[in-house]
Amino acid sequence: MEQEKAQWTQYIASVLADLAQQRGIDPALLEQIPVVVQKPPKPELGDLAVPLFPFARVFRCPPQQIAEETARLLADKGGSVRSEGGYVNITIELGDSASKLFEQIFDRQERYGHTDALKGVRAMVEFSCPNTNKPLHLGHLRNDSLGFSVARILEANGAEVRRVNLINDRGIHICKSMLAYKTFGKGKTPESEGVKSDHFVGNYYVKFAQWAKTEPDAEKEAQRMLQDWERGDESTVALWKLMNRWTVEGIEETYRKTRIAFDDVYYESQTYSRGRDEVLKGLESNAFYRDEEGTVWVDLEHIGLDKKVLLRKDGTSLYLTQDIGTAILRHEQWPFDMMVYVVGNEQQYHFTVLFHVLSMLGYSWADRMYHLSYGMVNLPEGKMKSREGTVVDADDLIAELERMARQEIIDKGREDQVGNLDTTAEEIALGALNYYLLQTTAAKDMVFDPKKSIEFNGNTGPYLQYMGARLSSMIKKHSERFGETSGPVDMSLLTLQDERELIKITARFPGAVRQAGEDKNPSVIATYLYEMTRTFSRFYHDTPVLRAESPELMAARITLCKGVLQVLKNGCDLLGMPFLKSM
RNA sequence: GCGUCCGUAGCUCAGUUGGAUAGAGCGCCGGACUUCGAAUCCGUAGGUCGCAGGUUCGAAUCCUGCCGGGCGUACCA
């Protein structure tokens, strides 16, 4: 399809050049205006559209007239060329390019749509980054979805990708759940209470908050515990290890559920001292300075920012210090060409500072770091607030989505046809969740409505999965009844509008993958897939495939369906949506 | 206050390298299953693209100002 576009661009440019010559117009003027080929707003108008408005000035006549003359001069180039308004609209013969396109789809299969835009690029993607004092919530799920999907999309564009997690396992907030457990835990364990281990720890974090309301010394005691921890006090460290293990194990269970994984996991407790070393080096090179109290600062006023503390006067590290160390460590271990931090937009300032500080330390790769910032997830009832206990727990939410999916399967009486009911419900829930979280542009705050997400109508994950299932089922029936298609298929038989639309849209998939990669934006893929699936639904509803008028037409249509299925599978894969043959 | 992001139909969202009467879904109302899975499909109604200027043949899209909202502006993360 790209070839046709290039071809027609050239035709039009040369026709315009001829026209200019006839009228004695300076060709140099013409060359300054590019010929733009775009998609007409409605399929009836054609396959390609070229606006001629910009040429009106050069030709000193109305764009409509230029369009008419251009269309007339292109009449012998094949296809159907019409002028409408100031546009030249072209309907092309799709047969040949469709044959090539589908040949390529079946040849490349799960690699169809992949590009080499980022070939040779090493990209590290950091996402998730939980604290070890509580389980994951809905906000983490958006983060995980985004991180996973962006990583897949970068891979699909040819990059070598390394997924990394950074676990925030130190600091005062960790000590709070530890202190509450030490005070109220009485040797209880997740096993003894029958509670998932990260929730078990999280409950003590909540307990601390309640306790601190009536016990003024609670905060002070937590501070003391942090000092004990930093000193390496044996029993404190032992408790810390035990409780961190509980949380991390619980969170890992959630990761298994949502099917995300990392190539490397960093722990803040292991990287923060490296940050301190790097800051001290920067002090030597005068990138930073120390005040009379001994606090180390960076002055960013020359770029319109504030002064920031990098090391406290007692020598302890801050979040920023730690991130400096982690970045340098990572680049040493795996020299990346691109670093993507998937972190909420409340930390925009932090990353602006981090990148500048790294650059002040002389790391040239600092300008290849990117903060993929995303907005908050709200509920239909309003904002999630931890103080008011309206935070949606990740495990609870997933369980609820699974329950709704399972109920729907039972209501439709499809228990016997789906194979494993639990697995199917789980995969529908995951498809619903990831699609819903990824269809909205990352930068925007969004409203997550669990009920809407799991609906099988409309712009949802289950809708896409359902179309995949029907498509699979039809293709299976086809091969059972007619065997595998072999020999040449005449794609030029596909002349219905829906068929032509499907051909063009499958051809657009690599472009969508490329754009999603450039923008680091999975919603490009979500929007694309929904448009394709909707077009397919209409086709499927209106057009018989297995009962087509002729064997040749059936072969062409089933080929079309197989191509659409492949694109749907590949697209779902980029969004972390399980593909289902039956549901 | 300053910084930053956002503001498109009743609701949830696309569309922003400027291009044709601004698109979907949900919801409302009305249709379509003797046929490949109706968990589907089709149709009707619904919009001063926050407001005001500017640039342009042409602006939801670019520029300026204003209004409204989120987030930040910690020796928290």
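For clarity, every value in this text was computed on a predicted model and none was experimentally measured. Chain naming here is simple, since letters A, B, ... match the order of the sequence lines and numbering starts at 1 in each.
If you check every strand for non-hydrogen atoms under 4.0 Å, A:Glu268 touches sugar and phosphate atoms only. The residue A:Gln64 sits apart from the nucleic acid: no heavy atom pair falls under 4.0 Å.
In the set B:rC41, B:rA77, B:rA39, B:rA77 carries the atom at the smallest distance from any side-chain atom of A:Leu318. Nearest to the side-chain atoms of A:Val309 among the listed nucleotides B:rA32, B:rG37, B:rC75 stands B:rC75. Checking B:rC41, B:rU12, B:rG70 against every side-chain atom of A:Tyr436, the shortest atom distance belongs to B:rU12. Nearest nucleotide to the side chain of A:Lys412, out of B:rC13, B:rG37, B:rA39: B:rA39. Across B:rG72, B:rC57, B:rC41, the shortest atom-to-atom separation from the side chain of A:Glu346 is found for B:rG72. The side chain of A:Tyr463 approaches B:rC41 more closely than any other nucleotide in the set B:rC41, B:rA77, B:rC36. Comparing B:rC41, B:rA20, B:rC36 by their closest approach to the side chain of A:Arg547 singles out B:rC36. The nucleotide whose nearest atom lies closest to any side-chain atom of A:His173 is, among B:rC13, B:rA77, B:rC57, B:rA77. Closest contact between the side chain of A:Glu408 and the listed nucleotides B:rC57, B:rG70, B:rA39 involves B:rA39.
Pairing analysis of RNA chain B (Watson-Crick: purine N1 to pyrimidine N3 plus N6-O4 or O6-N4; G-U wobble: N1-O2 and O6-N3; both under 3.5 Å) yields stems of 3 or more pairs at B:1-7 with B:67-73, B:10-13 with B:23-26, B:29-32 with B:40-43, B:50-54 with B:62-66.
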Below 3.5 Å is the cut-off: list the nitrogen or oxygen pairs between protein and nucleotides 2-6 of chain B, distance only.
residue	atom	partner	partner atom	Å
B:rU4	O2'	A:Gln348	NE2	3.0

Protein N or O to nucleotides 21-30 of chain B N or O, pairs below 3.5 Å:
residue	atom	partner	partner atom	Å
B:rG25	O2'	A:Asn459	N	3.2

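Between B:rG31 and B:rG15, the two P atoms lie 35 Å apart (nearest whole Å). B:rG30 sits 11 Å from B:rA45 when the C1' atoms are compared, rounded to a whole Å.
Near-neighbour residues of RNA chain B inside residues 423-434 of chain A, defined by a heavy atom below 4.0 Å, are absent.
Looking at A:Leu311 and A:Leu280, their side chains come closer than 4.5 Å, going by heavy atoms from C-beta outward. Residues A:Pro462 and A:Glu455 fail the side-chain proximity criterion, which asks for heavy atoms closer than 4.5 Å.
Salt-bridge check for A:Arg514 with A:Glu518: failed, with every basic side-chain N at 4.0 Å or more from each acidic carboxylate O. Salt-bridge annotation for A:Lys42 and A:Glu44: absent, with no side-chain N of the basic residue lying under 4.0 Å from a carboxylate O of the acidic one.
By the side-chain contact (heavy atoms from CB on, under 4.5 Å) test, A:Glu531 pairs with A:Lys39, A:Ile505, A:Arg508, A:Arg534, sequence neighbours left out. Remark: A:Gln223 engages no residue in a side chain to side chain donor-acceptor pair (under 3.5 Å) (not counting sequence neighbours). Every side chain to side chain donor-acceptor pair (under 3.5 Å) that A:Gln417 has, sequence neighbours left out, goes to A:Arg414. In this view, A:Glu408 satisfies the side chain to side chain donor-acceptor pair (under 3.5 Å) rule with no residue, not counting sequence neighbours. Applying the ring pair (Phe, Tyr, Trp, His ring centres under 6.0 Å) test to A:Tyr540 and every residue at least two apart in sequence or in another chain returns A:Phe536.
Residue pairs satisfying the ring-ring contact (aromatic ring centres under 6.0 Å, His included) criterion with at least one member in residues 430-454 of chain A, sequence neighbours excluded, are listed as follows: A:Tyr436-A:Phe448. The side chain to side chain donor-acceptor pair (under 3.5 Å) contacts involving residues 313-325 of chain A comprise A:Thr271-A:Gln322, A:Arg312-A:Thr316, A:Asp314-A:Thr316, A:Tyr319-A:Gln347, A:Gln322-A:Thr326, A:Asp323-A:His350, where partners must be two or more places apart or lie in separate chains. The salt bridge (Lys or Arg N to Asp or Glu O under 4.0 Å) analysis of residues 136-146 of chain A, with sequence neighbours excluded, yields no pairs.
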A:Tyr374/A:Asn143 under side-chain hydrogen bond (donor to acceptor under 3.5 Å, both in side chains): CA gap, chis, key distance, verdict
CA-CA 8 Å; A:Tyr374 62 89; A:Asn143 184 307; 3.1 Å; yes

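Side-chain atoms of A:Asn133 stay outside donor-acceptor range of the base of B:rA77, with no qualifying N/O pair under 3.5 Å.
Both A:Lys39 and A:Arg470 sit near RNA chain B, but only A:Lys39 has its closest nucleotide nearer the 5' end.
For A:Tyr341 and A:Phe127, the gap between ring centers reaches or exceeds 6.0 Å.
For the pairing with A:Phe55, the side chain to side chain contact (heavy atoms under 4.5 Å, CB included) check across A:Thr70, A:Leu16, A:Ile12 returns one residue only, A:Leu16.
For B:rC41, the glycosidic angle deviates from 0 by more than 90°, giving an anti base.
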